[in-house]
Protein chains: 2
Amino acid sequence: MQSSAVARTAIGDSEAEYRPTSSKGRLSATSAAFGYAPSAATQPANERGGLAAGAALAGQVLRFDEGRAIYANGDTIRSFYKVMSGVVRTCLITSDGRRQIDGFHAEGEIFGLEAGGEHRLAAEAVTDCVVVAYRWSGLEAFDGSEGDTALTVFGFAMKCLKRSQAHALLLGRRSAAQKLAAFLLDWANRGTGECVDLAMTRQDIADYLGLTIETVSRTMSQFERDKLIALPSSRHVVLRNRYALQDLVD
Amino acid sequence: MQSSAVARTAIGDSEAEYRPTSSKGRLSATSAAFGYAPSAATQPANERGGLAAGAALAGQVLRFDEGRAIYANGDTIRSFYKVMSGVVRTCLITSDGRRQIDGFHAEGEIFGLEAGGEHRLAAEAVTDCVVVAYRWSGLEAFDGSEGDTALTVFGFAMKCLKRSQAHALLLGRRSAAQKLAAFLLDWANRGTGECVDLAMTRQDIADYLGLTIETVSRTMSQFERDKLIALPSSRHVVLRNRYALQDLVD
DNA sequence: CGCATACTTGAACAATGTCAACCTGTGTGG
DNA sequence: CCACACAGGTTGACATTGTTCAAGTATGCG
């Protein structure tokens, strides 16, 4: 099943290749000392805490047999992981029983980095594998006064990651209606009320959802016929039945 | 087209704190010049703020007319951005002329965070908009030996983000053959040589690529008939014509 | 050897893309 | 104020792709 041992491992191993261009050379060292707070806004402090600068991380070595769950959808986020051997998949089961795989993670790769308090994706062993879990709670707080900005920028990266993952899951094997419903709900949630003013053209929407402009237009018209939305004008959408739209998505 | 001014803004603040009435006089002047009036109501509370803020960063306020490029594919990464008003899209033009939109970014959202030295995605103004550019080279608050671990973890997040973006782009409006070719090349690039041992089932591949198991199987067989690959066994793939596969993807 | 699981193949079907025509609102110039 | 052009959007007919359902073929393991 699963055995474990604490191991002192140097987490970095020259993998930190992040380097957004430095004309100043120092940049890579200075710009990224970012503490981490997976959604500090919504989480209790005891689970968070920034990164201890400098300390080598103690990771817990875990072994999983093929097919076993490493963590499940909904589990509290306590760690992120690195694959030492084998392959891991991160995936989501949709309400209609379909499975969407977010990614495969092979030796040396990191998985389990998610924003928010709990895992939206499950992780499972594709093959027998060994992973190292790095607990967030084991990391010392990074709370110097300068830490705030770093924390913030790290939070930005995590938020971008969350959005990107959601986008990928939206694009995989969902119908045009599901994609468009999700899109409209997304924009409705950014504003207040049931009115959505779309800033973009049908072509933009199509290119975002991986559809053609004609399909977007037809689906929008169908939603209107089905009284899910009203379309006072092509860019102005009124949600008439948000719950039915939500049902399409889930 | 584009005018700019340096403003001292607290980067992690919610939009509500980026207000023209700020005691920071320069900001007030800048915002007034653009007729910018932030609206705290447009963002759900749980999506913004929350991050400890405090360290001020100098952001450059930029204004773009509808349709203008903010940065292009291939540009050197110098900054990341925050939308103050309007909507921005980040997108990629594929070699066959199709456009894939990675995301839309509305007021308060961050874009332009990418791993690597140059932007793989272009950013364009969907509407007239105001954004703040935060230059990486301006982030010098942190340095020294303490930064190593934090730097590493930040790098992990950026790498995950990169993979997730690539996955989303792969899923949008690409044929089964293109998806599978990209998948095989991805795994081929993780190993050495032309032999790929697939750790996962056809079902896993299908769920990753947003296809059915039958389509994956058929496409694989077609690749074999076309002599793009050899299939000594179903999990063992030999790339016989990597360039032709690459051509499918690009 | 026989069963179970993974995989492949075929045929019918549904969803979406493609091509083409046609609206509709908006701005411009007469 | 109207005529016109133009861009964005909608709709219809048909083609294509991928899915679904069903059957059949390895392959591995007791």
Side-chain angles (χ1 to χ4, degrees), chain A residues 65-67 87 89 94 96-101 126-128 170-181 183-184 196-226 229-237 248, chain B residues 65-67 87 89 94 96-101 126-127 170-184 196-226 229-237 248:
Chain A
D65 286 345
E66 176 180 331
V87 176
R89 65 176 172 249
T94 60
D96 60 354
R98 282 177 177 167
R99 185 182 61 162
Q100 312 225 43
I101 293 184
V126 173
T127 63
D128 290 354
L170 177 62
L171 292 177
R173 217 129 110 65
R174 297 186 109 98
S175 69
Q178 288 178 310
K179 290 176 179 177
L180 190 61
F183 178 80
L184 292 175
V196 182
D197 278 305
L198 297 174
M200 68 292 292
T201 66
R202 293 284 188 269
Q203 186 66 60
D204 283 331
I205 299 173
D207 290 344
Y208 179 67
L209 298 178
L211 299 169
T212 58
I213 184 177
E214 292 94 334
T215 299
V216 171
S217 187
R218 266 187 262 271
T219 306
M220 204 79 93
S221 299
Q222 188 61 49
F223 280 177
E224 190 180 24
R225 279 191 293 276
D226 295 344
I229 63 173
L231 278 172
S233 79
S234 67
R235 301 286 187 97
H236 196 82
V237 181
L248 277 177
Chain B
D65 286 344
E66 177 179 330
V87 176
R89 64 174 173 250
T94 60
D96 60 353
R98 282 175 177 168
R99 186 181 61 163
Q100 311 224 44
I101 293 183
V126 173
T127 63
L170 176 63
L171 292 177
R173 214 125 112 64
R174 297 187 110 98
S175 68
Q178 288 179 310
K179 289 177 179 178
L180 190 61
F183 179 79
L184 292 174
V196 182
D197 278 306
L198 297 174
M200 69 291 292
T201 66
R202 294 282 189 269
Q203 186 65 60
D204 283 331
I205 299 173
D207 291 343
Y208 179 68
L209 298 178
L211 299 168
T212 57
I213 184 176
E214 292 95 334
T215 298
V216 171
S217 186
R218 267 186 260 272
T219 306
M220 204 79 93
S221 300
Q222 188 60 50
F223 280 177
E224 190 181 26
R225 280 192 291 276
D226 295 345
I229 62 174
L231 279 171
S233 78
S234 68
R235 302 284 187 100
H236 196 83
V237 181
L248 276 177

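All figures in this text were calculated on a predicted structure; none of them were measured in a lab. Heavy atoms only: backbone and side chains are in, while hydrogens, waters and symmetry mates are out. Lettering of chains follows the sequences in order, A, B, ..., and the numbering in each one begins at 1.
For the pair B/Ile205 CD1 and C/dT8 C1', the computed distance is 14 Å after rounding to whole Å. Straight-line distance from the CD atom of B/Glu66 to the C1' atom of D/dA7: 12 Å, rounded to whole Å. The distance from atom CD1 of B/Ile213 to atom P of D/dA23 is 18 Å, rounded to the nearest whole Å. Going from atom CG of B/Leu171 over to atom P of C/dT16 covers 15 Å, rounded to whole Å. Between the CG atom of A/Leu231 and the P atom of D/dT11 there is a distance of 10 Å, rounded to whole Å. Between A/Glu214 atom CD and C/dA15 atom P there is a gap of 18 Å when expressed in whole angstrom units. When rounded to the nearest whole Å, the span between CZ of B/Arg174 and P of D/dT16 equals 22 Å. Taking atom NE2 on A/His236 and atom P on C/dG25, their separation rounds to 15 Å, with Å as the unit.
The shortest distance between side-chain heavy atoms of B/Leu248 and B/Phe223 falls below 4.5 Å. A 4.5 Å side-chain heavy-atom check between A/Met220 and A/Leu184 finds at least one atom pair inside the cut-off. Counting heavy atoms from C-beta outward, B/Arg235 and B/Thr201 have side chains that approach closer than 4.5 Å.
A salt bridge does not link B/Arg173 to A/Asp207: none of the charged side-chain nitrogens sits closer than 4.0 Å to a carboxylate oxygen.
For A/Ser175, no side-chain nitrogen or oxygen approaches OP1 or OP2 of C/dA15 to under 4.0 Å. For B/Ser221, a side-chain nitrogen or oxygen approaches OP1 or OP2 of C/dT9 to under 4.0 Å. B/Ser217 has a side-chain polar atom (N or O) that falls below the 4.0 Å cut-off from OP1 or OP2 of C/dT8. An OP1 or OP2 oxygen of C/dT18 is reached within less than 4.0 angstrom by a side-chain nitrogen or oxygen of B/Arg173. Residue A/Arg98 places at least one side-chain N or O closer than 4.0 Å to OP1 or OP2 of D/dT20. Side-chain N/O atoms of A/Arg218 include none lying less than 4.0 angstrom from OP1 or OP2 on D/dG12.
Side chain of A/Thr215, nearest nucleotide from C/dC7, D/dT19, C/dG17: C/dG17. The nucleotide whose nearest atom lies closest to any side-chain atom of A/Arg202 is, among D/dG8, D/dT10, C/dG17, D/dT10.
Backbone-only contact: B/Thr201 has heavy atoms under 4.0 Å from sugar-phosphate atoms and none from a base.
Between A/Gln178 and A/Leu170 the shortest heavy-atom distance is O-CD1, 4.4 Å.
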